[in-house]
**Student:** 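Structure below; questions to follow.
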Amino acid sequence: MWCRRLSHLQSRLQDLLRGRVTCWALQQPNFKSLFPLAIHWHHTASKSLNCVWQQHEDHFELQYANTVMRFNYVWLRDHCRSASCYNSKTHQRSLDTASVDLCIQPKTIRLDETTLFFTWPDGHVTRYDLDWLVKNSYEGQKQKVIQPRILWNAEIYQQAQVPSVDFQSFLETKEGLKNFLQNFLLYGIAFVENVPPTQEHTEKLAERISLIRETIYGRMWYFTSDFSRGDTAYTKLALDRHTDTTYFQEPCGIQVFHCLKHEGTGGRTLLVDGFYAAEQVLQKAPEEFELLSNVPLKHEYIENVGECHNHMIGVGPVLNIYPWNKELYMIRYNNYDRAVINTVPYDVVHRWYTAHRTLTIELRKPENEFWVKLKPGRVLFIDNWRVLHGRESFTGYRQLCGCYLTRDDVLNTARLLGLQA
Ligand SMILES: C[N+](C)(C)CCCC[C@H](N)C(=O)O
Ligand SMILES: O=C(O)CCC(=O)C(=O)O
Ligand SMILES: [Fe+2]
């Protein structure tokens with residue numbers, strides 16, 4: 001049955017049902033189709049509230065705040081926020097979802113002001129505020145992004161004149177930290193200036209926003225071109241753009257770089273916004289974007305140097321998107337560490353290489369490259385799920401220190417400062 005809340009019309013309900021009254025609602029084009037014969041009307045005090053709902057056999061349909069929403073009844077029972085179903089102190093569900101009849105239907109549905117009341121067959125009452133439902137519905141989420149971002153090429157980034165944050169203000173003020181994180185979330189890179197060029201101070205910075213993610217490279221790492229590890233990073237060679245630790249099931253979320261010393265030439269750092277490049281692929285060849293986001297691949301790290309013995313394998317597509325809103329959240333791109341492709345059927349392999357080429361062409365466009373020379377005192381944070389890094393070959397002695405951060409903890413800090421993350 002359809003129910004419509006029109007406060008000033010309730011007294012004329014009978015007339016209305018007999019078709020004798022015209023009112024503003026009837027002038028709306030689809031109004032008539034909303035009226036099967038058996039109708040339940042409910043009073044509302046608010047005239048401005050424009051809410052229509054219908055109780056279907058297997059779901060509840062709600063139109064409110066310009067959104068058409070459909071709710072499953074098990075879902076509506078499961079998300080009950082009553083004291084016996086949900087602990088509002090711990091924000092945890094107490095209800096045992098497995099005890100809910102999968103064919104449950106409400107006995108009655110009633111709207112009072114802005115609250116919907118569902119009475120279930122056992123008499124239990126669940127209440128939902130209309131705004132809560134809009135905010136938490138699939139249809140509401142679908143229109144939103146989880147993480148607002150500004151995609152960039154070199155020109156966009158340079159024109160934005162994103163300010164760096166000073167070491168002192170980063171460590172000691174909430175504003176400094178918040179500005180830094182806001183820029184980091186928007187652009188996927190951010191700098192802190194005037195940092196004493198030591199590993200200890202770099203560690204302090206990292207700890208201000210996150211837990212440090214310890215990996216096979218250690219907690220804080222410190223590296224030169226001594227080939228102490230079985231990886232090209234530990235040489236003087238150029239490194240093409242890539243994301244790190246693609247061979248982890250969960251690649252490291254953030255990378256921190258601090259160049260402590262360089263006596264020589266070259267060694268500039270290359271940064272490329274992987275999401276900007278992926279967006280170009282989506283515009284130019286959506287089917288290739290889709291392939292890159294659907295085809296899972298392995299990346300692999302095999303090391304047998306000195307005491308270091310490691311074999312890591314990570315599986316996942318190059319582009320990772322949220323299925324409900326198609327938002328990109330992670331790019332895994334490392335041509336050095338990509339393993340043998342044996343997870344892709346013969347007839348898809350060639351199309352995958354074509355799509356990978358399209359993405360690579362975008363990633364390699366000079367206008368998408370942002371080059372920067374890291375210097376002692378200037379610490380760079382990179383979103384390793386979004387921005388690719390690389391480096392120019394170099395001569396001389398070069399010392400880099402840094403660490404990886406756990407993504408969850410960086411986002412946690414950002415949310416606690418009121419940022420959307
Ligand atoms: C940063 N640090 C020198 C510790 C690690 C280098 C890891 C390099 C690896 N090929 C990758 O891309 O994951
Ligand atoms: O040496 C550099 O600038 C970066 C090397 C690199 O890609 C890494 O350590 O992850
Ligand atoms: Fe790297």
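Atoms within each ligand, like the ligands themselves, are counted from 1 in listed order. Worth knowing before you read on, the calculation uses all heavy atoms, side chains too, and leaves out hydrogens, waters and symmetry mates.
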**Student:** Does the ring of Tyr86 carry Arg93 above it, NZ/CZ under 6.0 angstrom from centre and within 45° of its axis?
**Tutor:**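 No - Arg93 does not lie over the ring of Tyr86 by the 6.0 Å and 45° rule.
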**Student:** Quick one: does ligand 1 sit under 4.0 Å from the side chain of Tyr301, the backbone, both or neither, non-hydrogen atoms only?
**Tutor:**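 No part of Tyr301 is near ligand 1 at this cut-off.
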**Student:** Is it true that Glu369 and Arg364 have a side-chain N and a carboxylate O under 4.0 angstrom from each other?
**Tutor:** no
**Student:** Do Arg127's NZ or CZ and the ring of Phe117 fall within the cation-pi criteria of under 6.0 Å and 45°?
**Tutor:** no
**Student:** Find all protein N or O atoms under 3.5 angstrom from an N or O atom of ligand 2 and list the pairs with distances, or write 'none'.
**Tutor:**
| unit_1 | atom_1 | unit_2 | atom_2 | d |
| --- | --- | --- | --- | --- |
| ligand 2 | 1 (O) | Arg391 | NH1 | 2.7 |
| ligand 2 | 1 (O) | Arg398 | NH1 | 2.9 |
| ligand 2 | 3 (O) | Arg398 | NH2 | 2.8 |
| ligand 2 | 7 (O) | His242 | NE2 | 3.1 |
| ligand 2 | 7 (O) | His389 | NE2 | 3.1 |
| ligand 2 | 10 (O) | Asp244 | OD1 | 3.2 |
| ligand 2 | 10 (O) | Asp244 | OD2 | 2.7 |
| ligand 2 | 10 (O) | Gln255 | NE2 | 3.4 |
| ligand 2 | 10 (O) | His389 | NE2 | 3.2 |

**Student:** With a cut-off of 6.0 Å (strictly less than), are more than 12 heavy atoms of other residues, nucleotides or ligands near CG of Asn66?
**Tutor:**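 For Asn66, atom CG is not crowded (no more than 12 foreign heavy atoms under 6.0 Å).
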**Student:** Is Thr232 touching ligand 1 with its side chain, its backbone, both, or neither, if touching means heavy atoms under 4.0 Å apart?
**Tutor:**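 For Thr232, there is no contact with ligand 1 at all, from either part.
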**Student:** Could you tell me whether Tyr336 approaches ligand 1 through its side chain, its backbone, both or neither, with non-hydrogen atoms closer than 4.0 Å?
**Tutor:** neither
**Student:** Which protein heavy atom lies closest to atom 7 (C) of ligand 1, and at what distance to 0.1 Å?
**Tutor:** Tyr217 OH, 3.5 Å
**Student:** Where on Asp337 is there a heavy atom closer than 4.0 Å to ligand 1, on the side chain, on the backbone, on both, or on neither?
**Tutor:** side chain
**Student:** Looking at atom 6 (C) of ligand 1, what's its closest protein heavy atom, distance included?
**Tutor:**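 Of the protein heavy atoms, Ala233 CB, 3.9 Å lies nearest.
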**Student:** In this structure, is the centre-to-centre distance between the rings of Phe381 and His258 below 6.0 Å?
**Tutor:**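 No, the ring centres sit 6.0 Å or more apart.
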**Student:** Using ring centroids (six-membered ring only for Trp), state whether His262 and Phe394 fall under 6.0 Å.
**Tutor:** yes
**Student:** For Tyr187 and Tyr157: C-alpha separation, side-chain torsions, deciding distance, then whether ring-ring contact (aromatic ring centres under 6.0 Å, His included) applies.
**Tutor:** CA-CA 8 Å; Tyr187 294 98; Tyr157 186 74; 5.6 Å; yes
**Student:** Side chain, backbone, both or neither: which part of Tyr404 comes within less than 4.0 Å of ligand 1 when only heavy atoms are counted?
**Tutor:** side chain
**Student:** Just so I know, are the side chains of Leu62 and Gln54 near enough to count as touching, which here means a heavy-atom distance under 4.5 Å?
**Tutor:** no
**Student:** Are Trp324 and Tyr138 near enough that their ring centres are under 6.0 Å apart?
**Tutor:**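 That pair fails the under 6.0 Å test.
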**Student:** Starting from atom 8 (C) of ligand 1, locate the nearest protein heavy atom and write down its residue, its atom name and how far away it is, to 0.1 Å.
**Tutor:**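 Atom 8 (C) of ligand 1 sits closest to the protein heavy atom Asp231 OD1, 3.3 Å.
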**Student:** Would one find an N or O of Asp244, backbone or side chain, under 3.5 Å from an N or O of ligand 1?
**Tutor:** yes
**Student:** Nearest heavy-atom pair of Phe275 and Met330: which atoms, and what distance?
**Tutor:**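 For Phe275 and Met330, the tightest heavy-atom pair comes out as CZ-N, 3.7 Å.
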**Student:** Let's test this: below 2.8 Å, count the protein N/O/S atoms around the Fe ion (ligand 3).
**Tutor:** 3
**Student:** Pick from Leu185, Asp166, Val192: which one makes a side chain to side chain contact (heavy atoms under 4.5 Å, CB included) with Phe180?
**Tutor:**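 It is Val192; the other options fail the test.
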**Student:** Is ligand 1 under 4.0 Å from a heavy atom in the side chain of Gln255, in the backbone, in both, or in neither?
**Tutor:** side chain
